[in-house]
Number of protein chains: 2
Amino acid sequence: MQNLDNIFFALSDPTRRDVLERIRNGPMPAGKIAEGLPVTRPAVSQHLRILKDAELIQERREGTKRIYGLNPLGLEALKEFFDDYWSVAMTRFKDFVETEEP
Amino acid sequence: MQNLDNIFFALSDPTRRDVLERIRNGPMPAGKIAEGLPVTRPAVSQHLRILKDAELIQERREGTKRIYGLNPLGLEALKEFFDDYWSVAMTRFKDFVETEEP
DNA sequence: TCAATATATTAGTGTATACTTACGTTAGTG
DNA sequence: CACTAACGTAAGTATACACTAATATATTGA
């Protein structure tokens with residue numbers, strides 16, 4: 001399982017979230033991903049690596065192309081973070097609000 | 001509503017996630033939050049500010065103390081990110097895996 | 001009002017990050 | 001084999017970040 005450090009770090013960058021946005025409707029080669037983005041292609045390559053390390057995307061080779069698509073593994077880790085963590089938050093929040101009133 | 005930049009950035013730091021961990025079972029004054037952490041109290045103050053800007057925590061004053069507790073607003077934004085975004089990811093993932101096999 | 005408590009803010013610093021340009025690598029094509 | 005296409009990698013740089021030490025602010029009590 002991926003650690004949350006990498007996942008949240010990967011998601012903290014807007015350009016990387018743009019990358020995810022571009023491939024959310026289906027896999028895409030690296031060049032095409034870079035087309036829509038305001039940074040150079042090498043920069044996108046570096047972002048892709050970070051996203052891949054976080055297991056948020058997957059790589060598949062096809063000739064000279066590299067097709068990138070979403071990887072649900074990192075997502076699963078995030079989901080666990082929610083289920084295991086924030087379920088408590090919601091219930092505890094009430095106490096906080098209630099004691100805040102006079 | 002909060003933007004995801006601030007939220008993911010806030011969550012990308014392990015110390016800040018430690019802060020959240022410490023207050024997830026109930027609000028706590030800043031000093032007590034800092035006790036368990038390996039950084040100085042001013043550093044914790046700075047982290048608290050970032051978490052507060054991201055609307056992940058709330059502040060309430062009580063005398064000279066400042067009590068911090070979880071704030072579900074940032075969390076709601078994150079939840080939307082999931083529901084609105086990753087529901088697509090899961091279904092699209094199948095296509096990717098299937099085309100990967102020979 | 002003076003001092004103590006609890007905390008935030010500022011200034012300064014080493015390190016990490018995101019970017020660009022230049023170069024290297026791998027797979028197909030004549 | 002040379003050439004092109006589609007990438008990744010390396011080196012260098014400006015900026016952002018997290019941290020500490022010192023200072024400032026606000027609240028309470030003697």
Side-chain angles (χ1 to χ4, degrees), chain A residues 3-23 26-69 71 96 99-100 102, chain B residues 3-23 26-69 71 96 99-100 102:
Chain A
N3 67 340
L4 293 167
D5 268 33
N6 298 348
I7 294 174
F8 281 123
F9 172 74
L11 290 172
S12 71
D13 185 84
T15 304
R16 284 194 286 268
R17 288 208 307 280
D18 280 351
V19 168
L20 294 174
E21 182 73 30
R22 281 185 68 75
I23 64 174
M28 215 179 271
K32 194 158 194 178
I33 294 173
E35 268 179 27
L37 300 174
V39 295
T40 60
R41 202 180 39 67
V44 175
S45 267
Q46 291 164 359
H47 285 306
L48 287 170
R49 178 132 113 118
I50 291 170
L51 288 167
K52 193 183 162 196
D53 286 348
E55 291 182 344
L56 286 166
I57 64 174
Q58 271 185 324
E59 183 192 319
R60 163 168 51 100
R61 303 199 178 187
E62 207 167 88
T64 77
K65 294 185 182 176
R66 306 206 184 179
I67 317 289
Y68 289 94
N71 181 350
F96 191 65
T99 54
E100 200 170 21
Chain B
N3 68 337
L4 293 167
D5 267 33
N6 297 348
I7 294 174
F8 281 122
F9 172 75
L11 290 172
S12 71
D13 186 83
T15 304
R16 283 194 286 268
R17 289 208 306 282
D18 280 352
V19 168
L20 294 175
E21 182 74 29
R22 281 185 68 75
I23 65 174
M28 215 179 273
K32 193 158 193 176
I33 295 173
E35 267 179 29
L37 300 174
V39 295
T40 59
R41 214 188 48 264
V44 175
S45 268
Q46 290 163 357
H47 285 307
L48 287 170
R49 180 134 109 118
I50 290 170
L51 288 167
K52 192 182 161 196
D53 286 349
E55 291 182 347
L56 286 167
I57 64 173
Q58 270 185 322
E59 182 192 320
R60 165 169 47 101
R61 303 198 179 188
E62 206 168 270
T64 76
K65 294 185 181 174
R66 306 206 185 179
I67 318 288
Y68 289 93
N71 181 351
F96 191 64
T99 54
E100 199 168 19

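Each chain gets a letter, A, B and so on, in the order the sequences are listed, and its residues count up from 1. Nothing here was measured: the structure is a model prediction, and the numbers come from that model.
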Student: Return the value, rounded to whole Å, for the distance between atom CD of E35(A) and atom P of dA6(D).
Tutor: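 Those two atoms, CD and P, are 10 Å apart.
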Student: Could you tell me the separation between the CD1 atom of I67(A) and the P atom of dA27(C), rounded to a whole number of Å?
Tutor: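 Those two atoms, CD1 and P, are 15 Å apart.
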Student: Rounding to an integer number of Å, can you tell me how far D18(A) CG sits from dC19(C) P?
Tutor: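 In whole Å, dC19(C) P and D18(A) CG are 10 Å from each other.
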Student: Measure CD1/I50(A) against C1'/dT17(C) and give the value in whole Å, please.
Tutor: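 Distance, rounded to whole Å: 8 Å.
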Student: Any side-chain N or O of T64(A) under 4.0 Å from OP1/OP2 of dC7(D)?
Tutor: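 Negative; the distance criterion is not met.
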Student: Could you check how far CZ of R60(B) sits from P of dA6(C), rounded to whole Å?
Tutor: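 Checked: the CZ to P distance equals 17 Å.
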Student: So, does R16(B) get its side chain near the phosphate of dA18(D), meaning an N or O under 4.0 Å from OP1 or OP2?
Tutor: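 Yes, because at least one side-chain N or O of R16(B) sits under 4.0 Å from OP1 or OP2 of dA18(D).
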Student: What is the distance, to the nearest angstrom, from the CZ atom on R61(A) to the P atom on dT25(C)?
Tutor: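 Value for this atom pair: 14 Å.
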Student: Taking C-beta and beyond as the side chain, do R17(A) and D5(B) meet within less than 4.5 Å on heavy atoms?
Tutor: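 Side chain of R17(A) against side chain of D5(B), heavy atoms only: contact under 4.5 Å found.
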Student: Any residue in residues 41-48 of chain B with a heavy atom nearer than 4.0 angstrom to DNA chain D? Just list them by number, or reply none.
Tutor: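 Only P42(B), A43(B), Q46(B), H47(B) qualify.
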Student: Output the single nucleotide from dC19(C), dT20(D), dA8(C) whose closest atom is nearest the side chain of T15(A).
Tutor: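 When the side chain of T15(A) is considered, dC19(C) is the closest of dC19(C), dT20(D), dA8(C).
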Student: Can you tell me if the side-chain N/O atoms of T40(A) get under 4.0 Å from OP1 or OP2 in dA18(C)?
Tutor: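 No, T40(A) has no side-chain N/O under 4.0 Å of OP1/OP2 on dA18(C).
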Student: With the side chain of Y68(B) defined as its heavy atoms from C-beta on, choose the nearest nucleotide among dA6(C), dA18(C), dT7(C).
Tutor: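 Taking heavy atoms from C-beta onward, the closest nucleotide is dT7(C).
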Student: Can you tell me which residue among R66(A), R60(A), K65(A) is in a salt bridge (Lys or Arg N to Asp or Glu O under 4.0 Å) with E62(A)?
Tutor: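 Single pass found, and it is R60(A).
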Student: Give the rounded distance in Å between these two atoms: CG of L37(A) and P of dC19(C).
Tutor: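 About 10 Å, once rounded to whole Å.
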Student: For F9(A) and dA16(C), what is the distance between atoms CZ and C1' respectively, to the nearest whole Å?
Tutor: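 Checked: the CZ to C1' distance equals 8 Å.
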Student: Side-chain contact, heavy-atom cut-off 4.5 Å: L20(B) with L11(B)?
Tutor: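 Yes, side chains in contact.
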Student: Are any of the side-chain heavy atoms of R16(B) and F9(B) separated by less than 4.5 Å?
Tutor: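 Sidechains of F9(B) and R16(B): in contact.
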Student: Please determine which of L48(A), L51(A), I33(A) meets the side chain to side chain contact (heavy atoms under 4.5 Å, CB included) test together with I23(A).
Tutor: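 In the set L48(A), L51(A), I33(A), the residue that makes a side chain to side chain contact (heavy atoms under 4.5 Å, CB included) with I23(A) is I33(A).
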Student: Which comes earlier along DNA chain C counting from the 5' end, the contact point of R66(A) or that of V39(A), where each point is its nearest nucleotide?
Tutor: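 Between the two, 5'-proximity favours V39(A).
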Student: R22(B) versus L37(B): any side-chain heavy-atom pair under 4.5 Å?
Tutor: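 Side chain of R22(B) against side chain of L37(B), heavy atoms only: contact under 4.5 Å found.
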Student: S12(A) or E62(A): which one's nearest nucleotide on DNA chain C is closer to the 5' end?
Tutor: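 Comparing both residues, the 5'-ward one is S12(A).
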